[in-house]
Amino acid sequence: MKLIVLKNKSALGQKAAADGARLIRAALARRGSANIIVATGASQFQMLRALCREPRIAWNRVTAFHLDEYIGLSITHPASFRLYLWQRFVSQLPLPLAAFHYINGETDPQAECRRLGKLISSRPIDVAFIGIGENGHIAFNDPPADFVTTRPYLVVNLDERCRRQQLGEGWFKTLKDVPKQAISMSPRQIMKSAAIICTVPDRRKAEAVRNTVRGPLTPDVPASILQEHPRATIYLDPPAASML
């Protein structure tokens, strides 16, 4: 696991995007196609904007998966991650993707986990773009996370700190409105990625960053599993790195 501290959010996003783009180009040159995982949330705004502007990427040969989605939330809801990814990533690319495998949490969550699990199991992931939550989660794997399961996607319960983060970021009007369950990519599936680009700005993430980097590897800090990955890089701004 490697740490890079940039001067501000903009520089952080540009560096993470540039490094990720280089990995995508390498996969395209080596295999003729590439597979990526894309995260959502306020922490990804600058990175996704920069990634969409990266030159010389044949996006029509890139297949993308996303990390998580609320159960029972309409795709038209302002907090929908499918809507987020369409608005901030898919629709902003200069070429259409080969495929984007959205998570649909509106119908049968367990069936959706099985469907997506079959799809991702046949695709080697070249780079995963992820973040870390205020409670140390990766994707929606809140503490204590399941570090054992090899299932690619899970139905998970969201803890109150996670739900308060979503409220605090302005996605919902009240805490009651924040769903209590989601479909999430599992920690072990994320760890199968050849490389991980983890973008983490803001002072409110500083404790989670410290626990991820300096603490023990534990399901109580889900992101600490990144300590085991040989090509995981965490990109921080000074506020996020302030407790290291």
Open item on the list: Under a 3.5 Å distance rule, please check whether H137 uses its side chain to pair with a backbone N or O of L158 as donor and acceptor.
Closed with: no

Task: K9/D202 salt bridge by N-O under 4.0 Å criterion - done: yes

- [ ] Using atom types as modelled and distance alone, determine if a side-chain donor or acceptor of S121 lies under 3.5 Å from a backbone N or O of K118.
- [x] no

Open item on the list: Assigning hydrophobic clusters by single linkage (Ile, Leu, Val, Met, Phe, Trp, Tyr; side-chain heavy-atom cutoff under 4.5 Å), is V200 placed with M191?
Closed with: yes

- [ ] Would you check if the side chain of R204 reaches a backbone N or O of E134 as a donor-acceptor pair within less than 3.5 Å?
- [x] no

Task: Salt bridge present between E207 and R161 (N-O < 4.0 angstrom) - done: yes

Open item on the list: I'd like to know if R163 and E160 make a salt bridge, using a cut-off of under 4.0 Å between side-chain N and carboxylate O.
Closed with: no

Open item on the list: For Y70, run the side-chain hydrogen bond (donor to acceptor under 3.5 Å, both in side chains) check against Q166, K180, Q181 and tell me which one passes.
Closed with: Q166

Task: R61 (side chain) donor-acceptor with G32 (main chain) under 3.5 angstrom - done: yes

Task: Verdict with supporting geometry, D19 and K2, salt bridge (charged side-chain N to carboxylate O under 4.0 Å, His left out) - done: CA-CA 13 Å; D19 288 352; K2 180 181 178 181; over 6 Å; no

Open item on the list: If you count heavy atoms of other groups shown closer than 6.0 angstrom to CZ of R31, is the number above 12?
Closed with: yes

Open item on the list: Any side-chain to backbone donor/acceptor pair from R188 onto P152? Under 3.5 Å, distance only.
Closed with: no

Open item on the list: For a quick check under 3.5 Å, do T40 and Q44 share a side-chain donor-acceptor pair by atom type?
Closed with: no

Task: Parallel, tilted or perpendicular: ring planes of F140 versus F81, cut at 30 and 60 degrees - done: tilted

- [ ] Kindly work out whether a path of hydrophobic side-chain contacts (I/L/V/M/F/W/Y, heavy atoms less than 4.5 Å apart) joins I130 to I4.
- [x] no

TODO: Describe, in one word, how the ring planes of W171 and F45 are oriented to each other, choosing from parallel (under 30°), tilted (30 to 60°) and perpendicular (over 60°).
DONE: perpendicular

Open item on the list: Tell me whether V127 shares a hydrophobic cluster with I37, the cluster being built from Ile, Leu, Val, Met, Phe, Trp, Tyr side chains joined at under 4.5 Å.
Closed with: no

Open item on the list: Closer than 3.5 angstrom, by distance alone: can the side chain of E69 be matched with the main-chain N or O of R82 as a donor-acceptor pair?
Closed with: yes

Open item on the list: Measuring from atom CG of N141 to atom CG of N135, what distance do you get when rounded to the nearest 0.5 angstrom?
Closed with: 10.0 Å

- [ ] Apply the test ring pair (Phe, Tyr, Trp, His ring centres under 6.0 Å) to residues W59 and F89: give CA-CA distance (whole Å), side-chain angles for both, the deciding distance (0.1 Å), then the verdict.
- [x] CA-CA 11 Å; W59 289 106; F89 181 58; 5.8 Å; yes

Open item on the list: Please determine whether side-chain contact (heavy atoms from CB on, under 4.5 Å) holds for the pair I75 and Y102, giving the CA-CA distance in whole Å, both sets of side-chain angles, and the decisive distance to 0.1 Å.
Closed with: CA-CA 10 Å; I75 193 172; Y102 293 98; 5.9 Å; no

Task: Heavy-atom pair with the smallest gap, counting every atom of L23 and A195 - done: CD1-CB, 3.6 Å

Open item on the list: I'd like to know if the side chain of Y84 and the backbone of G41 have a donor-acceptor N/O pair within less than 3.5 Å.
Closed with: yes

